[in-house]
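Along the sequence shown, residues carry numbers from 1.
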Amino acid sequence: MNTIDAFHRDGAELYGHSSVRRGFVGRLALVLRSVARQIGRMLERRRGRLALLEMTDEQLKDIGISRCDAHREGIRPFWD
């Protein structure tokens with residue numbers, strides 16, 4: 001095994017791939033997975049902010065957030 005083969009195999013293991021993807025299709029797949037993860041994080045953040053808006057004053061008091069703070073956080077855009 002030469003150095004280049006070892007490098008490619010080790011790189012594939014670092015990224016969790018059983019085989020090394022090459023070329024445009026492989027790079028596109030990595031970009032699409034990254035974008036999908038980012039969108040998932042943004043949507044999860046939005047769900048959490050909306051949950052704050054649905055909490056009662058007692059629940060907000062339990063977690064140490066005022067109604068004003070919850071409202072301010074709840075109306076933020078999902079990408080923020």
Exercise for the section: Indicate if V35 and W79 have the same hydrophobic cluster label, given that clusters are the connected sets of ILVMFWY residues with side-chain heavy-atom separations under 4.5 angstrom. Expected result: yes
Counting N and O atoms only, with roles assigned by atom type, does the side chain of E54 sit under 3.5 Å from a partner on the main chain of A51, one being a donor and the other an acceptor?
no
What's the separation between atom [atom1] in [X] and atom [atom2] in [Y], rounded to the nearest 0.5 Å?
X	Y	atom1	atom2	result
D80	R46	CG	CZ	11.0 Å
L28	R33	CG	CZ	10.0 Å
I39	F78	CD1	CZ	8.0 Å
H71	I65	NE2	CD1	14.0 Å
L53	R72	CG	CZ	12.5 Å

Salt bridge (Lys or Arg N to Asp or Glu O under 4.0 Å) partners for [X], two or more places apart:
X	answer
R41	none
D57	R67
E73	R49, R76

Between R47 and E44, is there a side-chain N and carboxylate O pair less than 4.0 Å apart?
yes
- Given L60 and D69, is the side-chain contact (heavy atoms from CB on, under 4.5 Å) satisfied, shown in steps? CA-CA 10 Å; L60 290 171; D69 291 339; over 6 Å; no
